[in-house]
Amino acid sequence: MPSEGSSIEHGILVAQWKWPLRVAFWVSMISVSVLLYSMGAQWLWSTTRSPEDKLAYSEAIVAHDALVLQSIGSGAVVDAPGLANWIVETLEENVVKVVIGTTRALLSWPAEYKARREGTFKPDQNGQRAADNANEYVRSVRLYLQGFALRTAIYASMAPLLALLMVLASVDGFAARAIRRATAGRESASLYHRAKLGQPFVAIMGYIAVLGLPEMSDPHCTLVPLAMLITLLLRTQTAYYKKYL
């Protein structure tokens, strides 16, 4: 009688191939969700703040974020403008083409169906009409993608400062741990685990907040406190690391 581990469902080879597929699936789902959230936030701000000319408002925000990113510049660790260009090129190669094809098909199908029934169908004429109607949607999508790329690059520019502060926080935290071990200080596993889980939570929520802001006049007012909060949690984690290994 075959054992449970030798079945196809619970086999070792199948288990080894499951986790990469699961990781790829969840990474794809989370990436798409974040992108849709960013585009939805930009559409909401443009609709509420400038309903008469949403494209002009989106263009102004994108131009402002581009100037902010240009002022940050490219560093030795993170090339923020290069990252933004790579994200825009990658997304436009995939998202914009799908949007253009889908929009043109949806806009041209009713007119094409009616023209075919009446015997007056002209492919070039209907195709041009569909292209004209889809032009506004395509421009909006491109602006939203550029806004997402610029905000992501601005957030990534925090990496050098965050790395420096994390090194300092780790050194100070381990020094506090050594003092606590020498003086028989209080040990708190609750603080350790909460600080450990709080770091990715703050980083993710900060990224979502940056994507959802209507505008970023001064990114330092948002990124510097965020980096300091993450390093404070790291310092707490290292300071309350268990005394005995």
Side-chain angles (χ1 to χ4, degrees), residues 22-70 72 78 80-109 130-159 200-223 225-227 229-230:
R22 289 176 179 175
V23 170
F25 172 77
W26 284 112
V27 168
S28 302
M29 291 296 296
I30 293 173
S31 302
V32 172
S33 300
V34 171
L35 177 61
L36 293 178
Y37 160 78
S38 175
M39 297 175 67
Q42 294 180 61
W43 173 83
L44 179 62
W45 289 119
S46 62
T47 303
T48 55
R49 293 198 168 191
S50 180
E52 65 280 354
D53 196 351
K54 295 181 288 186
L55 285 177
Y57 178 83
S58 299
E59 290 175 352
I61 294 299
V62 168
H64 178 268
D65 290 344
L67 290 176
V68 171
L69 189 62
Q70 187 178 0
I72 295 175
V78 178
L83 177 62
N85 292 332
W86 178 80
I87 294 175
V88 169
E89 292 175 359
T90 303
L91 292 178
E92 283 189 350
E93 285 294 326
N94 298 279
V95 178
V96 174
K97 289 183 178 180
V98 173
V99 171
I100 291 175
T102 304
T103 306
R104 285 181 176 177
L106 293 176
L107 292 176
S108 62
W109 178 78
D132 295 338
N133 294 331
N135 186 37
E136 182 178 354
Y137 298 99
V138 173
R139 287 178 58 194
S140 300
V141 171
R142 281 178 173 163
L143 288 173
Y144 297 156
L145 293 180
Q146 291 175 8
F148 170 77
L150 292 171
R151 292 293 176 89
T152 302
I154 291 174
Y155 185 79
S157 66
M158 180 184 65
F201 175 79
V202 172
I204 294 173
M205 295 305 297
Y207 178 54
I208 292 176
V210 168
L211 291 179
L213 290 175
E215 58 184 15
M216 293 188 68
S217 57
D218 188 3
H220 299 92
C221 296
T222 303
L223 299 182
L226 185 64
L229 180 58
I230 295 175

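Small disclaimer: the values here were computed from a predicted structure and weren't measured.
For the pair Asp65/Glu215, no side-chain contact is recorded, criterion being any heavy-atom separation below 4.5 Å from C-beta on. The side-chain heavy atoms of Thr152 and Leu211, taken from C-beta on, include a pair separated by under 4.5 Å. Val202 places a side-chain heavy atom less than 4.5 Å from the side chain of Leu226. At a threshold of 4.5 Å between non-hydrogen side-chain atoms, the residues Val88 and Leu150 do not count as touching. Contact check for Ile61 versus Trp45: no side-chain heavy atoms found under the 4.5 Å cut-off. Proximity of Met39 to Val141: side-chain heavy atoms (C-beta onward) are separated by under 4.5 Å at one or more points.
Distance check, rounded to the nearest 0.5 Å: CG of Leu143 to NZ of Lys54 gives 12.5 Å. Remark: Thr48 OG1 to Tyr57 OH distance equals 7.0 Å, nearest 0.5 Å. With rounding to the nearest 0.5 Å, the separation of OG1 in Thr47 from CH2 in Trp43 is 4.5 Å. Taken from CG in Leu145 to CG in Leu35, the straight-line distance is 6.0 Å, to the nearest 0.5 Å. Here the CZ atom belonging to Phe148 is positioned 10.0 Å from the CG atom belonging to Leu36, to the nearest 0.5 angstrom. Atom OG of residue Ser157 and atom NE2 of residue His220 lie 7.5 Å apart, to the nearest 0.5 angstrom.
Nearest heavy-atom pair, Ala149 versus Ala84, reported as atom, atom and distance to 0.1 Å: CB-O, 3.6 Å. Here the closest heavy-atom approach between residue Gly147 and residue Val62 is recorded as N-CG2, 4.1 Å.
Ser28 places a side-chain N or O within 3.5 Å of a backbone atom of Ala24 that can act as its donor or acceptor partner. Between the side chain of Tyr155 and the main chain of Val210, no donor-acceptor pair closer than 3.5 Å is present.
Applying the 6.0 Å contact sphere to OH of Tyr37 captures more than 12 heavy atoms from other residues, nucleotides or ligands.
Every residue two or more places apart in sequence or in another chain that forms a side chain to side chain contact (heavy atoms under 4.5 Å, CB included) with His64 is listed here: Val68. For Ser38, the side chain to side chain donor-acceptor pair (under 3.5 Å) partners at least two apart in sequence or on another chain are Gln42.
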